[in-house]
Each structure stands twice: as C-alpha cells, then as structure tokens.
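Worksheet for the structure shown next.
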Protein chains: 2
Amino acid sequence: MTSYTIGLDFGTNSARALLVDTATGDEMATSVYPYPRGIEGVFSDPSDALLARQDPRDYIDALDYLVPALLGEARRAGIDPGRILGIGVDATASTPIPVDAAGACLTLDKRFSENTNAYAWLWKDHTAYREAEEIADAVRDSGLTYLHAYAGVYSSEWFWAKAYRCIRVDAQVTAAAGTWVEQSDFIPALLTGRTHPEAIKRNACAAGFKGMYNPSSGGFPPEEFFGRFDERLGLIRRSLPGRVCAPGEQIGVLSETWEKAWGLAGQIVVASGMIDAHAGAIGAGIKAGRLVKMIGTSTCDLALLSPDNAIDSIPGISGVVADGVIPGYHGVESGQAAVGDILNWFVDTVIRAEGPHAKDRAHAQLTEGAGRFRAGATGLVALDWNNGNRNVLMDPRLTGLVVGQTLQSGPEEIYRALIEATGFGARAITERLKEHNVAVTEIVCCGGIAEKNPLFMQIYADILNCPISVTRSLQAAALGSAVCGAVAAGKASGGYEAFSDAVEKMTGIRDTVYLPRADEAATYDRLYQLYLRLHNVFGQKTKPDSLFDVMKTLIEIRENTRRI
Amino acid sequence: MTSYTIGLDFGTNSARALLVDTATGDEMATSVYPYPRGIEGVFSDPSDALLARQDPRDYIDALDYLVPALLGEARRAGIDPGRILGIGVDATASTPIPVDAAGACLTLDKRFSENTNAYAWLWKDHTAYREAEEIADAVRDSGLTYLHAYAGVYSSEWFWAKAYRCIRVDAQVTAAAGTWVEQSDFIPALLTGRTHPEAIKRNACAAGFKGMYNPSSGGFPPEEFFGRFDERLGLIRRSLPGRVCAPGEQIGVLSETWEKAWGLAGQIVVASGMIDAHAGAIGAGIKAGRLVKMIGTSTCDLALLSPDNAIDSIPGISGVVADGVIPGYHGVESGQAAVGDILNWFVDTVIRAEGPHAKDRAHAQLTEGAGRFRAGATGLVALDWNNGNRNVLMDPRLTGLVVGQTLQSGPEEIYRALIEATGFGARAITERLKEHNVAVTEIVCCGGIAEKNPLFMQIYADILNCPISVTRSLQAAALGSAVCGAVAAGKASGGYEAFSDAVEKMTGIRDTVYLPRADEAATYDRLYQLYLRLHNVFGQKTKPDSLFDVMKTLIEIRENTRRI
C-alpha cells in the first residue's frame, strides 16, 4: 500500500511543501508560499547593510497555506491523505528566533511587531560580527576546544553571536525572550505543539554546525562559558537541552490543532528539523564518496566521513559534525561565499544588463560566448573572492582578482574566467577534503545553475576532474525533508528503518553525467596551479615565490590553445 | 614685421599643416588631410594582426593638398605668404619606407603599388618582432653597447628590425630598394628635392631614438655589424650618412617644384624632421624640469637632461639621446603602451557601448560616476598592462590585473581604477627618471584626454603629486614643427637663434593648472605602494614578500574613505 511523507522547506524568500511517495521518491504534489513580508521575505536596514531579518509570522502563515494547498492537489490526484506517514522540515540556518516564555515568537506581541530585533535573524545577517570575533577570541585565549569542529572560526551568521548581539543592542527583546530557537527547530515545535522553551527539541544539524554542540565534549559549551560574555547569554544556554535530535529522529506527532486545521487524522510523525542545504544533500542522495554541491548565489558542499575515517576537524573546513547530516556519519560542511553571485555581479553590476529579461539574455549570451573558448584560451585567471572566502581560507576580508587582461579581453572571456574561478575555488575545497580522507569520487549538484548551465557543469567536471551529475529532483531540500519524515515514521508504518535505505529508494540523479575531458582537465591542472599560487600569496601569510611567470604562462597557454 | 613658419605634422590617420606667427606662436591657419588609402590611412592584414602599413603616396598627396589649403586660408586672413620663413616637419616613428635608387617610394612603381611590403612600415607594425630580438641578442651576446641608450631593448617597431624583416620576406622589394628612409626624413627630402639615397638628410631624433645612432660611439653601428645578419642590411647601413641633423637644423630650402606648385617664392628654409611626439614636446614648451606627456591611446613622455647631469642610459627607459629633442640636451623618451586604449577597451570591449555616440556617452557617464569617489574609495587597484609594459619594465608579454572587487564593484569604480592604474604607471616612470637626475617639477600634457577629462588630469596630479597643466595649442606637434622651422630660418631672417628662445616665445600652457590635493595624494601614496608591489611581483623575477596584506589594506583604505 502506497504511503507518503511531506517535506517542508523554508528557504530565504519562500517556503514550499512537497508530497513524496516513500517507496519511489516520486513527487506527487507541491505548493509554494512566497513570504509576503519585507522585500521577498527579507527586512533590511538602509543604514546597516549587514542587517537581514525575517518576520516569523511568515512561517506560521506559510504552514497555514502550504499544507492545505498541497493536500488539495493531492486529493485531486486521487491520493488518500490518510496515507501520509510523516513530515520533515528544513529551514535556513543559522536563523535564530527569540521566543517568549510560552515559545511564541515575539512579533505576535504588538510591542515587538515592528522591531526587527524581535524577528528571525536571517542566516545572512552579519550584524553580530564583533560578537562572533569575541566568542572566537575567548575560546582561543582560554585554550578551549569549542571551535575545533569549525576549524577555529565562529561566524557572525551563527546562533550565539546573534543572540549575544541582541542582548547588547535590545534590552526589551532580551527581557521578553524566554529562549532563542533555530528556525529549523521553531517550525517542528509549532507542528508538534511543543513550543515551551524547555520542551523544544533541538536538531543535531543546526546545533552541531552552527551552535557549538559537540557530543564528544558533552553537548553545548556550559552556561559558565556564555555567562562570561553576559549573564543573559548564560541563561539562553541554560534553556537548551543536554542532547539534540539526529536527522530522521521522531520528535513528536502533529498536534491536534494542525490536524484539525488541515483535515488530517492519525499519528502523523514529525521529524527532527534540518538545515535546508543539509536536507538538500539528503535529497541529492548523499553517501560516502559522493560530494553534494548546492549551487546558488553561494554554495554549500556536503560530504560524509565514513565512521572508520572519522575525524573531528579539518583545517579550513567550516564544520565536521557527528550525525549532522546522516546518523552514523560525520557530516562535513564547506562552501563558497559567492558563486552565482559572482556571475550575477558581472551581469547586473559591471556590464549592467537592465531588466529581468535582459539579465537572463545576458547570462545566456555570455554563456554561449564563453563556450566558444577552450580551457586556457581566455588567457585569464581569477580569484573568486568578491564576497570573501568561506573555505578553505575562512576569511571574509578577501576580495576578487582578475589577471591576464589584454586589450582584446571581452566579456565572454571574463565571464568564463569567473566561472572557472569558482571551479578552482571548489577544487581547493575538494582537495582539502581528500587530504583528510573524505572520499570524493563523484559530485552531485543541485540548484538553478546546475540545472540550466551545461557549460558551467562541464567546466566544473574538467576542473575537478571528476564526474558530475545533477539531482533528479528540482526540490532537493524538500525531498530530503520528506526522506527524514519517512525515516522518522519507521519501517513498521511504511517508512524506513535505515537512513541509507530511504536515501537509496527515494532519491536519484539524472541520466546526464558530465565527464571530465582529458585535454581540458590537463590544461586546467596547469591553470589551477596558477590559481593556487595567487590563492596562497593573497590569502595566506606565507612568503611566496616570484609570480613573474604567471602572466607569461597565461599567455603561453592562450597561444597554444585555439578557440574550439 | 610679422613672419611665419609652417609646421607639417604627419600622424597615423591624417596629416595637418599649421601656419604660426613666429613672434607669438599664434596659430593663423590650419588644414587637415585624412589619408584616403587603407582604413583611415592604415593597411592591415586579416591573417596577420601584427601588420600595419601605409602607402607613402598619401604623404605626397597630403603635401599637394595641405599647403595650398593653408595658404588659401592665410591669404583670406590677409597674411602675406611672402613672410613665410621656413617649414618644419614631424612624422610618426619608426616608420621606415623603402625607396628606389632615385629616392622615390616604391609604390609609385606599378609592380609594387599593391605590395604592402613596399609601403611605409607604420610605427605600430610589429611583424619584425623576431628580427628585433635577434638584433638585441646579437648586441648583448657580443658585448656591444649599441643598445645602451635603449636600456638594452630593441623594439620590433624600429627601423633596423623592419628593414631586416623585409629582406627576409620580400626579395623583390629588397632588390628594388636603394635604401630605407624614416618618414620624418622622407618628407623633408621631398620638400628640398634632395631625395637621392646619398643626399637624404637623416634627423637625430628618429636616428637617435629608433635607429641606434649614437654620436658618442661614432654614429650608426658599422656596416659589418648589420652585415652579420644579412649583407643587404649592411648595404642599407652603407647608404646612411656619418652624421645626422639636429632638431631645428636647416637641411635645405624648398625646391622650385614645390615653390611653383604652391605659389611661393624666396628661400624658404626646411628644417630637419622630427618624430611627431618629440615635436609635440617642443610644442608643449619642453625644458629642463618640465616633463611633457602626450596622452593618447598610448603615451609618450619626454623630458630633458641638463648638460651637467647628462647620462647616456637610464635603466628601464626607452631612450636617452643627445640632441634628440632640443640641441644641447639629452632627450629622454619613455611611455606607456596603453592609456586611452585601456579606457577604450573597457567601454568598447568589456561593457560594449555600441555606436560612436554611445561610446562617448559611456566615457562621459563613467567619468562622472568615477568622479564621485575619493582616492581609495573604490577598494580597487589595477595594473595597466593590457598592452604590455613599455617602461619601466620594457616587457610586452605582461597583461592586466584588477584586484579588490566585491559584489558591489561597479563600472565607474573599475573605470576609475583603470585611470589610476595608468597614473601609477606614469608615476613608476617619473620616479625612475628622478632617480637618475632627470628633474620633473612640472608636467605638461597634450592630447584629447588632457583637454577633455579634468577628472583624469586631477587624478594624475594627485598620484604624481605634481602640478599638471595642458598645452595651449591643440596641435602641439605641428606647432613644434613650426618652432623648428623658425629656428632653422635663423634670427637674421626673423626666426630664432636659440631653440629655447623660440620655445619660450612660440609655445604656452593654459591657465588651468591641476594642483595635487594633499589628502588625496597621501592616499595615493599608499595605493601606489600596493601598485608597486604588484608591479614588482608580477613584472620582475625578484622574490616578493607576502601579499597577504594587499586586500586587507585596500579594504581598510576603502572603509576609511567615504564617497565625496
């Protein structure tokens, strides 16, 4: 008898629901809810470019809309909602939300409905950069190991920095907040009705990758550690549980309130939440040896360390978290601070294609033009640091670089060089992973660029010298959450016992695989060495060799490489 | 009694004539002749991007047109052509022309009228790059000093490389050529009627800066030297005189043929020819301490070494030539391979403004936008090597570089960074000059950018930390040639005895002087240090220090520098 799970995916600008056949992974129905508040869901501050907030009421409204819409479509397709076993949820991270003593978001309170400090502090909010540095300094200066899993860096995007920042800047919000909750815990808590601060389940994914939770050192750092910064930060720590919930772990069942609202009945299991990218990795069929790249404006790369190779930290890699992606494995997260954003920058800001169609047309034309060059034929090499470097340098105060321009260098050549730069940045990450026994024998990508830009994918295959494919699903994160729902539901009810079984049955990749071409890969090996030297000389304090040969080599490669 | 001289200026795309009052420098009449042959006067070869030739018949036709037109305008203004004392001529260089045994250009012969090897080999023809290298290698390997004045480099643009190249590739032209003549000697020879190879006067300017003529080593290198490459190259050397003519030296009088054709009478003196840029320096009032910059697609910088500081060579500087610009001084020539061309590249090739008006508008808009930033506010620094580096690295195989891009870096910022890069390149030259006792206490510019772009000029004043002004004349080269005509005519007939007197009376600068601003200059001092480090690490073989601080410093300067 066919059964289904629902994946709920809360992204930056919209939320979506996906109804999935647990046996096949077939996507039976979907609904989308663009956040109505702010600008595409985001509140910014003209006087502070670092600020990005979101009103949590959008999340509640999304639930009100998404599931009825999904069920309506399902019913029209003849699907029996009674066969829905469970719900999985993913959300952006780290997006912490202050909630009151009953677990309600503060923006439901009139006093706070216009105060963005009371909103969700969206992942891309960087207002807490000083607090992040203070936390990292304190850890380092005290010889503590809390940042070991993060290669020594604590990001201004993350939970504790944001909560600390709010304590500093808004006494009212701080006084009203019973605790802070990751968005990926807030929504599951709403669904199960267990919103009381002490009842809220925390997920291993967000806690592990963003919240300094580490089971091998006893969970979250102790209250005393946070109390050093501010007593009230210590109180937030005190509200957190001693253990967190693994992906696919059942944290409760859908509350009666929602059952009634949605016309559902029976014990519908709710799975522990996940970070959206990490759910996407599950939707892309992550397993040992398979690196999953979520390619968007930035990228998030996820891989798994087999238990027999497990290590707790990789230099220059944002996070290594036990059970952070799939239980039983160390999840390894890394990423690039700008990929699609660099191409968009060139089109939107440098050559200024105007209007949405003009932009799409410009990307298409530049891609077509870039495709007429072979590797090395542009004579250019670039660094992909227009938004800093997330990995492996972990340094936001880096910038872009393009070298090799002649008076003939056209926009297609620059565009290609920018694609290649992001590919070299991706290679720097995969090489670092391999050096630390993270197997990378295939790469699966998801996101708009992966789906729409074969040139980009082929360049990546050539640069990374690795077969690259694309997820079958266009909604990998929601699919991954549906997988979590199926695991949480368990085998007895029609779901799965083993996470790996669920992933194998419910996810897949497309038939088209981009294979590396030997001649292009050989040229890219040479160009990557140039990239790496620039990477090291501008990104590290080591004393470099002369770069006198860089321009000469680029010219020589260009002269020896004709256009296709 | 008022007297006049004519300056004839043969540029790349057109020739012009200027009638000048010898007492005041007032420009009384002018005429322009766009070359009708080729594309804007230039013959190129689709299969060889290095080739650029010009049909010398354009020069003869120009003479036929220019002077009658000039005299017509003068007569209409009530000027008595009988008061014309002399003619000066400047032309591009090195633009050597093969001429037959009677000194006629080969293209008058039907056999050669379509053969571009028989044409003038225009200054920007680079087909002889291998021959130039062979000549330089031979000089170096033999321990000879013939390239001492050129800091050890012989350019593919220059006389001997081109003649040698022609010998290699065209036996017919070589057999028909009685000698080769610089364009700046060919035209004065035509005017005086002394075109026979052995009668042709050679000017110190072209011979000194392009032809390895050096009085301190006995003139041109000996026939044996050139015979080592090819006997026929030795024969060309044999046709050259032992001494050359200084600027302002009389080489003869206008031939009867021209007198009749133009309706002139009396002994009209013809001055020794000059290179156009060097004549421009005279028109810009060059004197010790005053650097003259001809700013066009590329730049040519000219300065004088006082006799008491005279040296024969400056490392990294293209040429130091005794009597090469003004008799009694060592003329010092340097330049940048691309200045206007880099800005045009950005507008024409990168952002692709289409159509002539769109291009002008784009330059105007980018300039206006760039003007809203203070020094350092773009966060960018660039190398100006899109067309290689002429000085002080003397390396054509270098390319451009831009560093510091963020996702907000707009075209105005990049455009400003490109202007600044050329300014830093200019500073690298002036600093080198100063290190070798070439005084640079003021800078006078000419060319379209200098006249039309105050932002460019102000940035240069700030970067070079030196007052910068613009020549009064819009036709500095033709004016300089008129000055030479006045000197050649001599004081007795109403001209001048001393070159410096002629320059002082006949030339001038505009009232607007761009003065360096202390705060901007201080920021540019810091940015120039970054430029210089990039310059040295990419342009030299020296082992560099880490560049880790480059991006950090650019960010710091940007953050501390608000928009204006």
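This structure is a prediction, so every number in the text was calculated from the model and none was measured. Below, chain A is the first sequence line, B the second, and so on; all start at residue 1.
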Could you tell me the separation between the [atom1] atom of [X] and the [atom2] atom of [Y], rounded to the nearest 0.5 Å?
| X | Y | atom1 | atom2 | value |
| --- | --- | --- | --- | --- |
| A:Arg397 | B:Glu556 | CZ | CD | 8.5 Å |
| B:Leu401 | A:Gln405 | CG | CD | 6.5 Å |
| A:Leu407 | B:Asp348 | CG | CG | 10.5 Å |

Counting a contact as any heavy-atom pair under 4.5 Å apart, which residues of residues 384-391 of chain B contact chain A?
B:Trp385, B:Asn386, B:Asn387
Please indicate whether A:Glu40 has more than 12 foreign heavy atoms, meaning atoms of other residues, nucleotides or ligands, lying under 6.0 Å from its CD.
no
Main chain of B:Ser546, side chain of A:Lys541: is a donor-acceptor contact present, judged purely on distance under 3.5 Å?
no
Please state whether the side chain, the backbone, both or neither of [X] comes within less than 4.5 Å of a heavy atom of chain B.
| X | answer |
| --- | --- |
| A:Val350 | both |
| A:Leu534 | side chain |
| A:Gln408 | backbone |
| A:Ile342 | both |

Sort out for me which of [options] touches chain B most, counting heavy-atom pairs under 4.5 Å.
| options | result |
| --- | --- |
| A:Gly404, A:Gly379, A:Ala382 | A:Gly404 |
| A:Gln540, A:Lys543, A:Glu412 | A:Gln540 |
| A:Leu398, A:Val550, A:Leu554, A:Leu380 | A:Leu398 |
| A:Ala338, A:Gly539, A:Ala353, A:Pro544 | A:Pro544 |

Measure B:Val537 against the heavy atoms of chain A and call it side chain, backbone, both or neither at under 4.5 Å.
both
Side chain, backbone, both or neither: which part of B:Ile414 has a heavy atom under 4.5 Å from chain A?
side chain
For the student: nearest non-hydrogen atoms of B:Thr349 and A:Ser409, plus distance
CG2-O, 3.4 Å
Do A:Leu547 and B:Leu547 make a side-chain contact, defined as non-hydrogen atoms from C-beta onward lying under 4.5 Å apart?
yes
Among B:Asp395, B:Thr542, B:Asn536, find the residue that satisfies the side chain to side chain contact (heavy atoms under 4.5 Å, CB included) test when tested with A:Phe548.
B:Asp395
Heavy atoms only, distances under 4.5 angstrom: which of B:Ile351, B:Val402, B:Asp545 has the most pairs with chain A? Name it, please.
B:Val402
